[in-house]
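Note that the structure is a prediction, hence the values are computed from the model and not measured. Lettering follows sequence order; numbering is per chain, from 1.
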Amino acid sequence: MRDELFAIVDVDSMYASVEQVFDPRIRGRPVCVLSNNDGCVVTMTAEAKALGVERGQPWFQLRNHPRRAEIVFLSSNYGLYGDMSARMLAILQSVTPRWEAYSIDEAFLRIPAEGATATAVRIRERIGGWLGLPVKVGVAPSKTLAKVAAKRAKQRTERVDNLAEVEPRRVQAILDEFPVADVWGIGPRLTARLAAHEVGSAGQLARLDPGWVRRNYTVVVERTVRELRGISCIPLECSPPPRRQMVHCRALGKPVTDEHEVVDTASTFAQRIAAKLRRHHRAAGLVQVWLSSGGSYYSGAPIDVHGSQALLEPTNAARPLALAAARLARRLYQPGYQYRRIGIILPDLVAEHQVTGMWTTAKNRTIDEALTAAIDSVTSRYGKAAIGLGRAGVRTRAEWEMKQQVRSPAYTTRWDELLVAHAR
DNA sequence: TCTGGGGTCCTAGGACCC
DNA sequence: TCTGGGGTCCTAGGACCC
């Protein structure tokens with residue numbers, strides 16, 4: 001008998017559910033949350049799905065939906081979702097310190113096999129009661145099987161499923177019914193390749209010889225085979241490994257054609273990513289900039305250029321990163337194109353304490369340290385847009401800033417947007 | 001007019017070493 | 001006729017996740 005099991009806690013359509021927590025009027029209604037720039041649907045409630053809305057569907061297409069008037073569309077409000085996610089993790093911490101934040105709406109836990117189902121029910125009740133978020137909980141001997149259990153939990157009224165208490169033969173039957181494409185770690189490519197080997201269900205995949213799978217596929221798929229057999233190969237990661245790379249790329253709210261605007265945008269993005277580097281105590285020695293006219297669905301001449309520049313030594317200060325990004329953007333810029341997508345990529349990050357400062361002059365180092373400290377203290381008090389270098393320090397929104405026509409308030413993270421209760 | 005934004009890991013192949 | 005055998009490191013690309 002195993003003494004510990006994996007549990008996965010998964011919020012039902014997280015973004016939409018959070019919006020419903022703060023706005024009772026939209027509970028029970030079809031709700032769709034849109035991507036950045038209000039481009040396409042990223043999350044929707046079951047009610048919206050029932051109306052035929054699909055994940056990834058562009059918003060402009062849905063404006064002609066026959067039942068458009070019933071559907072609630074909202075811009076994404078990542079600050080709010082991130083804050084609710086942190087609160088959920090705090091609740092899990094009250095159950096066990098052995099949890100892993102897997103994504104904004106999912107966490108894995110290690111829980112004792114004894115009373116595991118009761119624990120799962122308690123977690124669900126606590127998150128539902130304290131935060132108002134609906135979750136499902138899957139429990140099993142491996143992470144991959146816990147994900148299977150969570151999918152099953154969705155169909156059940158109690159929203160909890162523990163595969164460890166199902167008898168083995170019945171588990172086999174469950175896996176035989178489970179499409180291989182829905183297995184965690186099996187994407188569209190592998191699904192197609194597996195189909196060629198007549199493997200269409202999780203049960204069939206689990207019965208393949210692990211050695212053969214390793215030779216014909218990869219060690220990743222081999223692990224999945226073992227995990228489906230109930231042998232845990234993917235451990236819980238309580239402390240997340242340090243970031244290896246950081247990316248900040250955005251589709252712009254409006255295409256940009258002017259060189260200055262392209263350079264300003266790259267510089268602003270670099271400052272945002274520099275702040276993120278500092279929060280993670282990481283530093284970057286290489287800056288890559290990417291300019292693109294968007295996808296093939298746009299008219300106009302396409303352009304898609306990358307450039308990179310090594311810094312003298314790794315840093316997370318705003319000034320050198322912004323300068324490098326601006327220089328690269330200027331170099332990559334070509335007139336006559338419409339730029340709709342700009343990105344900064346920082347690969348090969350190192351720990352902040354590894355930076356020696358050997359290659360920076362004392363004067364520059366002093367300037368960078370003072371500037372960075374000033375920027376961090378001002379933004380922590382007055383918000384991200386309060387101060388910055390160049391265009392980033394201008395408070396009015398630039399035209400290319402993200403389109404968010406229907407964003408809800410940042411109820412939990414901004415004093416000026418707090419939820420207000422009115423007495424009748 | 002309008003189609004997201006992050007991440008991770010693995011593998012194959014090239015370059016280079018002795 | 002017949003042209004070694006290991007290693008390491010790096011990069012690009014593929015595949016996956018939410």
Can you tell me which nucleotide in [options] comes closest to the side chain of [X]?
{"X": "A:R189", "options": "C:dC16, B:dT3, C:dC18", "result": "C:dC16"}
{"X": "A:P58", "options": "B:dT3, C:dC17, B:dT8", "result": "B:dT3"}
{"X": "A:N36", "options": "B:dC2, B:dG4, C:dC17", "result": "B:dG4"}

What is the nucleic acid contact for [X], judged by heavy atoms within less than 4.0 Å: base, sugar-phosphate only, or nothing?
{"X": "A:Q61", "answer": "nothing"}
{"X": "A:D38", "answer": "nothing"}
{"X": "A:L190", "answer": "sugar-phosphate"}
{"X": "A:K147", "answer": "sugar-phosphate"}
{"X": "A:V33", "answer": "nothing"}

Atom-to-atom span, [atom1] of [X] to [atom2] of [N] - whole angstrom:
{"X": "A:I345", "N": "C:dG13", "atom1": "CD1", "atom2": "C1'", "answer": "14 Å"}
{"X": "A:D105", "N": "B:dG5", "atom1": "CG", "atom2": "C1'", "answer": "15 Å"}
{"X": "A:F269", "N": "B:dG5", "atom1": "CZ", "atom2": "P", "answer": "9 Å"}
{"X": "A:I234", "N": "B:dC10", "atom1": "CD1", "atom2": "P", "answer": "10 Å"}
{"X": "A:Y15", "N": "B:dG5", "atom1": "OH", "atom2": "P", "answer": "12 Å"}
{"X": "A:R279", "N": "B:dG6", "atom1": "CZ", "atom2": "P", "answer": "12 Å"}
{"X": "A:W59", "N": "B:dC2", "atom1": "CH2", "atom2": "P", "answer": "15 Å"}
{"X": "A:R244", "N": "B:dG7", "atom1": "CZ", "atom2": "P", "answer": "13 Å"}

Any [X] side-chain N or O less than 4.0 Å from OP1/OP2 of [N]:
{"X": "A:R341", "N": "B:dT3", "value": "no"}
{"X": "A:R243", "N": "B:dG7", "value": "yes"}
{"X": "A:R55", "N": "C:dC18", "value": "no"}
{"X": "A:K276", "N": "B:dG5", "value": "no"}

Looking only at the side chains, is there a donor atom on one of A:T265 and A:E261 sitting less than 3.5 Å from an acceptor on the other?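 No, because no side-chain N or O of A:T265 sits under 3.5 Å from a partner of the opposite role on A:E261.
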Determine whether the aromatic ring centres of residues A:F108 and A:W184 are separated by less than 6.0 angstrom.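 Ring centroids of A:W184 and A:F108 are less than 6.0 Å from each other.
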A:F73-A:H65 aromatic ring centre distance below 6.0 Å: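 Between A:F73 and A:H65, the centre distance exceeds or equals 6.0 Å.
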Roughly how many Å apart are C:dC18 and B:dT3, using the P atom of each and rounding to a whole number?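 It works out to 25 Å between them.
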Spell out yes or no: do the side chain of A:R250 and the base of B:dG6 have one donor N/O and one acceptor N/O closer than 3.5 Å?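 For A:R250, whose side chain was compared with the base of B:dG6, there is no donor-acceptor pair (under 3.5 Å).
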Salt bridge present between A:E237 and A:K143 (N-O < 4.0 angstrom):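 Judged by the 4.0 Å cut-off on N to carboxylate O distance, A:E237 and A:K143 do not form a salt bridge.
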A:K151 NZ/CZ over A:F178 ring centroid, <6.0 Å and within 45° of normal: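 No cation-pi geometry.
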